[in-house]
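What you see below is based on every heavy atom in this structure, not just the backbone, and it leaves out hydrogens, waters and symmetry mates.
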Amino acid sequence: QVQLLESGGGLVQAGGSLRFSCAASGRSFSCYAIGWFRQAPGKELEFVAAISASGGTTYYADSVKGRFTISRDNSKNLVYLQMNSLRPEDAAIYYCARRMYAVHTILVRGYHYWGQGTQVTVSS
């Protein structure tokens, strides 16, 4: 049984920083790519960032490039999303998700396991 649990959400002022963690259960964590997605009220789920199984490749949505950093620690079954220079438009529920493959994708349907999400509120 694969479970993903996000933590680290909260309220932050515009320009501030937050770091999310995604803890994964299940075997062979290091074999699978992980992605972060977000959904703002009234909007569709959108891709934020992804990291390959080894951690050697990362990919970002244009809207967060240069501000967010995804990383992973396969020895601890953890993936992180460091978010800097937060903007009001970054406010959303953020989800981590795991693929069944080592390489990443930006497609929602490419991820098979999802966490419950963690809320970010950005005050202006």
Side-chain angles (χ1 to χ4, degrees):
Q1 181 75 11
V2 176
Q3 292 186 325
L4 302 170
L5 181 63
E6 305 95 339
S7 61
L11 172 64
V12 64
Q13 287 189 332
S17 298
L18 282 174
R19 189 176 85 152
F20 289 154
S21 296
C22 174
S25 66
R27 296 181 177 181
S28 304
F29 173 78
S30 62
C31 294
Y32 305 112
I34 300 289
W36 284 95
F37 292 79
R38 67 186 181 187
Q39 187 167 28
K43 295 188 176 182
E44 293 186 351
L45 193 62
E46 68 170 350
F47 171 78
V48 175
I51 189 165
S52 62
S54 67
T57 303
T58 56
Y59 191 80
Y60 299 92
D62 287 343
S63 59
V64 307
K65 201 172 295 183
R67 300 187 297 123
F68 290 12
T69 302
I70 188 171
S71 60
R72 67 190 295 161
D73 185 341
N74 285 341
S75 69
K76 296 180 180 178
N77 282 21
L78 287 170
V79 174
Y80 305 100
L81 185 68
Q82 177 68 42
M83 305 186 296
N84 298 327
S85 302
L86 282 161
R87 305 167 180 168
E89 56 263 38
D90 293 319
I93 299 175
Y94 284 71
Y95 301 89
C96 68
R98 203 206 83 177
R99 299 204 72 203
M100 292 293 289
Y101 307 102
V103 295
H104 71 276
T105 179
I106 67 171
L107 301 176
V108 172
R109 65 176 182 269
Y111 291 82
H112 304 84
Y113 301 98
W114 292 81
Q116 294 298 308
T118 185
Q119 176 80 50
V120 171
T121 303
V122 182
S123 63
S124 56

In this structure, CZ of Phe47 is separated from CH2 of Trp36 (nearest 0.5 Å) by 12.5 Å
*Give a yes or no answer on whether the side chain of Thr57 reaches the backbone of Ser52 with a donor-acceptor pair at less than 3.5 Å.*
no
Would a distance-only check, ignoring hydrogens and angles, find a side-chain to backbone donor-acceptor pair under 3.5 Å from Tyr59 to Gly35? no
query = Quick one: does Asn77's side chain have a donor or acceptor within less than 3.5 Å of a partner on Ser25's backbone?
reply = no
Audit row: Ser21, Lys76, side chain to side chain contact (heavy atoms under 4.5 Å, CB included) steps and yes/no = CA-CA 11 Å; Ser21 296; Lys76 296 180 180 178; over 6 Å; no
Lys/Arg cation over aromatic Phe29: Arg72, 6.0 Å, 45° cone: yes
**Report entry** Cluster check Met100, Val103: I/L/V/M/F/W/Y, side chain < 4.5 angstrom
**Finding:** no
Interatomic distance, OG@Ser85 vs CZ@Arg87, rounded to 0.5 Å, equals 7.5 Å
Q. Taking the inter-plane angle between the rings of Phe68 and Tyr94 on a 0 to 90° scale, is it parallel (under 30°), tilted (30 to 60°) or perpendicular (over 60°)?
A. tilted
Strictly distance-based, threshold 3.5 Å: is any side-chain N or O of Glu6 a donor or acceptor partner for the main-chain N or O of Cys96? yes
Practice problem: Start with the C-alpha gap between Asp90 and Met83, add the side-chain angles, then the distance that decides, and say whether side chain to side chain contact (heavy atoms under 4.5 Å, CB included) holds. | Solution: CA-CA 9 Å; Asp90 293 319; Met83 305 186 296; over 6 Å; no
key: Sidechain-backbone polar pair: Arg99 side chain, Gly110 backbone, donor-acceptor under 3.5 Å   = yes
Practice task
Kindly indicate whether the side chain of Val79, heavy atoms from C-beta on, has any atom under 4.5 Å from the side chain of Phe20.
Solution key: no
Of all heavy-atom pairs linking Ala91 and Ala40, the shortest is O-CB, 3.7 Å
What one should report as the nearest heavy-atom pair of Asn84 and Ser17 is OD1-OG, 2.9 Å
Counting only N and O atoms by type, is there a donor-acceptor contact under 3.5 Å from the side chain of His104 to the main-chain atoms of Ala50? no
message = With a 3.5 Å distance limit and no angle check, can you tell me whether Asn74 reaches the backbone of Ala53 through a side-chain donor-acceptor pair?
response = yes
Tell me if the centroids of the rings in Tyr32 and Tyr113 come within less than 6.0 Å of each other.
no
Problem - Within 6.0 angstrom of Lys65 NZ, more than 12 heavy atoms from elsewhere - result: yes
d(Tyr101 OH, Cys31 SG) to nearest 0.5 Å is 14.0 Å
Checklist entry - Can you check whether Ala33's main-chain N or O pairs, donor with acceptor, with Tyr111's side chain at less than 3.5 Å? => result no
Find out if a path of hydrophobic residues (ILVMFWY) with successive side-chain heavy-atom gaps under 4.5 Å connects Val122 to Leu18. yes
Closest non-hydrogen atoms of Tyr95 and Gly115, given as atom of the first, atom of the second and distance, are CD2-O, 3.5 Å
OG1 (Thr69) and OH (Tyr80) are apart, to the nearest 0.5 Å, by 14.0 Å
Tell me whether Gln116 at atom CD has more than 12 heavy atoms from other residues, nucleotides or ligands lying less than 6.0 Å away. no
CD (Gln13) and CG (Leu86) are apart, to the nearest 0.5 Å, by 11.5 Å
Exercise. With a 4.5 Å heavy-atom cut-off, do His112 and Val2 have their side chains touching?
Worked result: no
Partner of Leu81 under side chain to side chain contact (heavy atoms under 4.5 Å, CB included), picked from Val48, Ile34, Val64, Thr118, is Val48
d(Arg27 CZ, Gln1 CD) to nearest 0.5 Å is 13.0 Å
